[in-house]
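Chain A is the first sequence line, chain B the second, and so forth, proteins listed ahead of strands; every chain is numbered from 1. The figures that follow rest on heavy atoms only: side chains count, while hydrogens, waters and symmetry mates do not. Just so we're clear, the structure is a prediction, and the values are computed from it rather than from any experiment.
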Amino acid sequence: MIVAVIAACGCTGKVGSSEGTAGANGVAATGGQHGADRNDLPLDPDNTNPALSACRVADTGASRLLRVTRFQYDNSVADLLGDTTGPSTALASDERPGTFAVNADAALTETLYVQYVEVAEAVAARAKPQFGKLVPCDETKQGGLACAEIFTKTLGQRLYRRPLLSTEIDRFTKLYADNAMTGHASALELVLATLLQSPNFLYQFERGRPVSGSDPNVARLDGFSVATRMASFLWQSTPDDELLAAAESGALDTATGIESQARRMLAVSKTKRGWTSFFRQWLQVARMDQTILDIPLRTSLKTEFDGFIENLRSSADASVAMLLSSREAKLDNTSSAFYGGGTSLNPSQRAGLLTRAAFLAANTAVPARGKFVFNELLCNSISLPDDVDTTLKDRQPGENPRAQFERHSENPQCYSCHRFLDPLGDAFWHYDKSGRWRDAIDGWAVDARVEVKDVDPAVDGPSNGAVALSEKLAQSQTVQTCFARQWFRFAMGRDADDTRDACSLAVLQQSLDSSEGRIDALLAALTTTNAFRHVRTTP
Amino acid sequence: MNHSRRSVLSALGLAPVLAPFIPVLHREAHAAPGPKRVVFMHTPNGLLRQELVPGTDNQFKRILAPLNRHRADITYIDGLHMNSFLTNPIPNDHPPPLGQVFTGADSVDPKDGKEPSASSSWFASDISIDQLLAKRIAASTQLAFPILNLGVDVGSYGWHMSHTGYRMPVFPDNDAAKVMSRLLTSGGNSPQTSPDLQRLWARRKSARDLVRAELGEAMSRVGKDDKTRIEKHLQVLGDIEKRESLATEGDAGAACKTFKPSAGDGDAFVKSGRLQLDNIALAFACDLTRVATLQWDYSATYRKFPWIGVDDAHHELSHEQPIGRVYEGLTKIGSWYAEQFGSLIDRLKAMPEGGGTVFDNTLLVWMSEHSSSSGDHGRENLPCVLAGGLAGTIGRGRVLRLNRSHNDLFITIAQAMGFADIKTFGKTSVCKGTIAELLA
């Protein structure tokens, strides 16, 4: 998400296109005085939070230009053209630098380019019968060229996430004119296929202006850039007409305006995509495919997981605590049998996220489960050192399964990390690698009692099993803060910079503290942070 | 574009994919030797050493038995070690060393050790041999496709055999039907092609021109970190532009007219593999490319092989003790892959070229990153099966027992391909030079 900042004179001077929101040398037409920046930022009136004082100066960590992910590509064509065929399966996989798919680094290869061309042509061909409905225009009355211009502007601005410049529109009308002899619809088909191949669709370019008093490399994003980020984050798609109109009107130049749109967006079902994408990736649910080879069972359990997340999303008061402790479940015959029968879950065996099959089957080994809790829920960053011999003596006949992992304590190199991971992971002994409940392993009665030490004040101490551990995690302040950071990573496509994003992280913390951990409050607050509203460039 | 392909294309018109080839008559066969080509193939989860490596009698054991009919054309090399890995080991997880097989380089930790990194994002630190050879060929010869990187159900990001450079993996194309369609309809300005195809190419060119203009404008809108990506995007379009405006001449595609695609049914995995092997043969026959890679599956796959009676997951088998059912399963899977390798040899042998066949001018290389498939993740004695003599430069029918870095194999191949200046490859510190025992 890199933009060229106007180096010289700030907000006056109009070089380049007169259309308004231009490129490097243009001026953002949408409002916003520099003076308004300070008043706009969430401040701490009682000055009790030193982190919020950092918000007086706009700052954000560095970021890269993002290319749409496959999921975002599919959603964009579904939202704009009604194409729900999921054409991105023909595209190469996304980059995964960490937990989430983020195309921020690799250059386009020829393979991917050819795939984009073919997908664009196929999408345009499928949309062709709908052109009359998508962009009503009578070419016999208004003329083919005029209709082509309307077509370009209407679909183009939804794909480019901003109105097209006149130079851009002219290229498309010329493209139309050069191909008009093949027929009006056929020429429009080429226009649409080309829009879909445009770098302005494939990459999320952003524009902004420098903020007085801040680092000259930091720019306040214009309304369309904010709209781009909001739609990409919450809906995993391109902005709709209402969001573009909000950008046009200047509504996205203020925190209140942004929050208002965020609330609207959070209330519609398209936000399901953001939620599902976050949780599936965070837990690496795709790894279930390696554990549960029975496809109908796996499908049923994935559905149960999606249902759990969707239930949270549509609950008005969904909180981090609920995420970890809710027993809500929508079961079909298959998942019901898996979980032990009945129409609801056994509350002493199942609670929230950590006791659902999707998590358990995607993180099968005891230390892996412990590692998720330690790294992903509590935001530590334990990793395997390069030079450690990781062979663990196999479980001996007649030995209880926990004894094998207790051997970690014999080697200080292992123990330095496993003293944290193992007690957390041991709480999960009742769940086999698929996530089924078991009371015994090879005749050994499962013992899932753990004694957690030096991990977190809310979690330390004895717990018996993953349900009890989950209840404790649900009360942890650290888990809340960490959860906010994970959403930051998902929304921003990068990790938070502890210095430059201190203000933004503090704002997220404040949103959770003042709403009793409500997730929707967190997501809305994210869109109003300095990180979200600014971009840091490397000139 | 040569006659045979043009005629094939005009007979087919726009209809892509599996239309049968129509033989073209009246093309003189020339005695001139054909161009050199190379194929690199990778299969997952290693190969069971006990049934792979020929014993002191040099006879093929069960995994290579399906290749007995090609015995005289196959060389097995034991004793190639992945020293680029062994001198700089990384967490010995499943996917990362895959990138090191055909690059002979290091695997790069994307997080610089700061954070636990998903194993799917370790990439190789250098260009792979297929990409290097393709680049070198492209410097003097324009081909419709500089390289074909094909896959059979190669899924997850990050587990790729081919790299264009430091941390630049190439995603193989899994859609075999689409690839065949592209091979059949690749560009050129011949007047004898169908009007429909010409229209398609013209439309694509206009789209490209517009996109290039927009990319040019985008350059000023990005910071320096991202300029390279925009430049690369522009370069890709430029390369395609150059190739499509070129009309190729010459006899190199004489074998094109005798190509016949394979028939057959079976599991989707089997069919896709069959079609990809067809694609390699087709591309070579019509001289659309001279370098191809074929990656089967994802490198730690849990695939089952019911069509050969193996109902256990491949990856699980590779981590169990290789006895009984497990031994049988691993052997059957290995030998099934050998059959696929053999069937590619068959296809190439069936295509006349010069005074011989396409196969005579080709080298096939089949390797894995595991010294066996019994779970120890060893990096010495990498499985290595070669087929073909590469126009008489590579020795055939041998069993070599060496003690070399596997980089040296690629140096040897590069030299045999005619690039005498290539004396090192990948991690230079582990290179020694060509393998004299391998040369013809």
Side-chain angles (χ1 to χ4, degrees), chain A residues 2-4 23-25 62 64-65 67 90 92-99 101 105-115 117-118 120-121 167-168 171-172 175 178-179 182 190 193-194 197-200 203 205 207 284 286 289-290 293 371 375 381-384 386 390 495 537-539, chain B residues 89-92 110-111 113-118 120-121 146-147 149 155-158 164 167-173 175 178 182 199-200 202-204 206-208 210-211 213-215 217-218 220-226 228-233 235-237 239-240 300 302 304 313 315:
Chain A
I2 290 295
V3 76
N25 300 313
R64 300 285 302 274
L65 177 70
R67 178 171 56 84
S93 328
D94 296 314
E95 301 164 41
R96 284 198 72 210
T99 316
D105 193 37
L108 203 78
T109 59
E110 195 175 305
T111 308
L112 184 53
Y113 166 74
V114 170
Q115 289 166 348
V117 171
E118 290 170 351
E121 289 172 351
T167 44
E168 292 168 335
R171 283 192 204 111
F172 280 99
L175 182 71
D178 290 345
N179 285 273
T182 65
L190 179 58
T194 310
Q197 293 171 53
S198 164
N200 291 304
Y203 300 103
F205 290 103
R207 283 87 33 83
Q284 296 193 62
D289 295 7
Q290 295 164 30
L293 304 175
K371 192 169 151 193
N375 280 349
S381 46
I382 264 186
S383 67
L384 189 64
D386 287 340
T390 59
D495 194 4
T537 65
T538 41
Chain B
I90 57 174
N92 202 350
K111 297 283 185 194
K114 278 197 217 93
E115 213 184 284
S117 28
S120 60
S121 46
I147 193 169
N149 295 116
S156 316
Y157 177 71
T164 52
R167 290 196 65 226
M168 298 206 291
V170 176
F171 304 97
D173 215 313
D175 191 336
K178 196 57 85 57
R182 251 181 252 141
R199 207 155 26 237
L200 175 66
R203 279 161 80 97
R204 282 189 174 170
S206 333
R208 255 197 327 263
L210 193 152
V211 169
E214 291 196 332
L215 282 165
E217 284 174 354
S220 57
R221 305 209 300 262
V222 291
K224 70 167 164 46
D225 292 338
D226 294 308
T228 325
R229 290 159 77 202
I230 303 296
E231 271 164 4
K232 188 73 194 349
H233 195 149
Q235 192 195 317
V236 165
L237 271 77
D239 288 345
I240 291 179
Y302 283 73
K304 297 179 179 178
H315 196 79

A:Leu175 versus chain B, heavy atoms under 4.5 Å apart: side chain, backbone, both or neither? side chain

Options B:Val211, B:Val236, B:Leu210, ranked by heavy-atom pairs under 4.5 Å with chain A, top entry: B:Leu210

Measure across A:Ala193 and A:Ala120 and return the closest heavy-atom pair with its distance rounded to 0.1 Å. O-CB, 3.4 Å

How far apart are the closest heavy atoms of A:Pro199 and A:Phe205, and which atoms are they? O-CE1, 3.4 Å

Please look at A:Asp105 and chain B and tell me whether the side chain, the backbone, both or neither of the residue comes under 4.5 angstrom of a heavy atom of that chain. both

Nearest heavy-atom approach of A:Ala101 to A:Arg96 is CA-CG, 4.0 Å

Backbone N or O of B:Ala202 within a donor-acceptor pair of the B:Ser206 side chain at under 3.5 Å? yes

If you count heavy-atom pairs under 4.5 Å with chain A, which of B:Asp239, B:Leu237, B:Ile147 comes out on top? B:Leu237

Of A:Arg67, A:Glu168, A:Glu121, A:Gln197, the largest count of non-hydrogen pairs under 4.5 angstrom with chain B goes to A:Glu121

Between B:Pro172, B:Ala207, B:Pro146, which shows the greatest number of heavy-atom pairs under 4.5 Å with chain A? B:Ala207

Does any heavy atom of chain B fall under 4.5 Å from the side chain of A:Thr111, the backbone, both, or neither of them? side chain

Give me the atom names and distance for the closest heavy-atom approach of A:Leu112 to A:Leu108. CD2-CD1, 3.6 Å

Which atoms of B:Gln235 are under 4.5 Å from chain A, going by heavy atoms: the side chain, the backbone, both sets, or neither? neither

So, the part of A:Phe172 with a heavy atom under 4.5 Å from chain B: the answer is both

Roughly how far, to the nearest 0.5 Å, is CZ of B:Arg221 from CG of B:Leu215? 9.5 Å

Quick one: CZ on B:Arg182 to CD on A:Glu118, what's the gap to the nearest 0.5 Å? 4.0 Å

